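Okay, structure first, notes after.
On a predicted model such as this, the values are computed, not experimentally measured, just so you know. To find a chain, count down the sequence lines: A is the first, B the second, and so on, and within it residues start at 1.
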Amino acid sequence: MKAEPESRIVKGNDVKFSISDLKECKTEHWDGVRNYEARNNMKAMKTGDLCFFYHSNCKVPGIAGLMKVVKEAYPDFTAWDPEHPYYDAKSDKEAPKWFMVDVEYVGEFGRLIPLKELQGYSELKEMHLVKRGRLSIQPVTSDEFDFIRSLASLKSEE
DNA sequence: GCCAACGTTGGC
DNA sequence: GCCAACGTTGGC
């Protein structure tokens, strides 16, 4: 799941959200997903599922930490707020178009695992992130998950 | 800030 | 329902 750790202003609001921000607030709703495939991936998530927190659109893009799903997909209310950077006039309350999940902080990796590095592993050649980078919510196979987990430990495990 | 790779829109 | 034009993402 991607978020931008560096400040960027959209419609007067800073959309910055990093693993440290999640650590601080502990749980957060993952709003702003405005792509059908990404939305469908979120709808498939189950409570307790683990997710990687990916830092995108920043100096060193890569995987920053781990979080878990604590609430399954429900309507993204930010789509209904005209003042919100992710407002979508075409989503109404009767038939919500966009959804979000709630995630809880699990841990930050002792080191950020750069995209550059991930691209170099043959084990990850087929990974969505490597093959087709653009999607903001992507599937990870259990083999890919285990492999990436072996590349770094959480700060809490050190 | 460039631009490739997508995704979306809308005329026909 | 095709597809050209346009918009967005995000690494570099």
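- Between H55(A) atom NE2 and dG10(C) atom P there is a gap of 14 Å when expressed in whole angstrom units.
- By the rule that hydrophobic residues join a cluster once side-chain heavy atoms approach within less than 4.5 Å of another member, M127(A) and L151(A) end up as members of one cluster.
- Rounded to whole angstrom, the span from the CD1 atom of I137(A) across to the C1' atom of dG10(C) amounts to 15 Å.
- Judged by a 6.0 Å distance limit and a 45° cone about the ring axis, K125(A) is not positioned over the six-membered ring of Y121(A).
- For the residue pair D143(A) / T141(A), no side-chain donor-acceptor distance below 3.5 Å is found, with atom types taken as modelled.
- Whole-Å rounding puts the I63(A) CD1 to dG10(C) C1' distance at 16 Å.
- Under the 3.5 Å distance criterion, with hydrogens and angles disregarded, a donor-acceptor pair is assigned to the side chains of E72(A) and T47(A).
- With 3.5 Å as the limit, one finds a donor-acceptor pair spanning the side chains of D21(A) and S18(A).
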Between the protein and nucleotides 5-9 of chain B, list every N/O to N/O distance that falls short of 3.5 Å.
unit_1: dA5(B); atom_1: N3; unit_2: R134(A); atom_2: NH1; d: 2.7
unit_1: dC6(B); atom_1: O2; unit_2: R134(A); atom_2: NH1; d: 2.7
unit_1: dG7(B); atom_1: OP1; unit_2: R132(A); atom_2: NH2; d: 2.6
unit_1: dT9(B); atom_1: OP1; unit_2: K90(A); atom_2: NZ; d: 3.3

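- For the helix from dG1(B)-dC12(C) to dC12(B)-dG1(C), the rotation axes defined at the first and last 5 base pairs enclose an angle of 10°, given to the nearest 10°.
- The side-chain heavy atoms of F77(A) and K93(A), taken from C-beta on, include no pair separated by under 4.5 Å.
- Taking 4.0 Å as the cut-off between side-chain N and carboxylate O, D88(A) and R34(A) do not count as a salt-bridged pair.
- Neither side chain, D102(A) nor T27(A), offers a donor N or O lying under 3.5 Å from an acceptor on the other.
- Residues D81(A) and Y86(A) have side chains that never bring a donor and an acceptor to within less than 3.5 angstrom of each other.
- Between K23(A) and E104(A), no side-chain nitrogen of the basic residue sits less than 4.0 Å from a carboxylate oxygen of the acidic one, so the salt-bridge criterion is not met.
- Residues of residues 113-130 of chain A having a heavy atom closer than 4.0 Å to DNA chain B: none are found.
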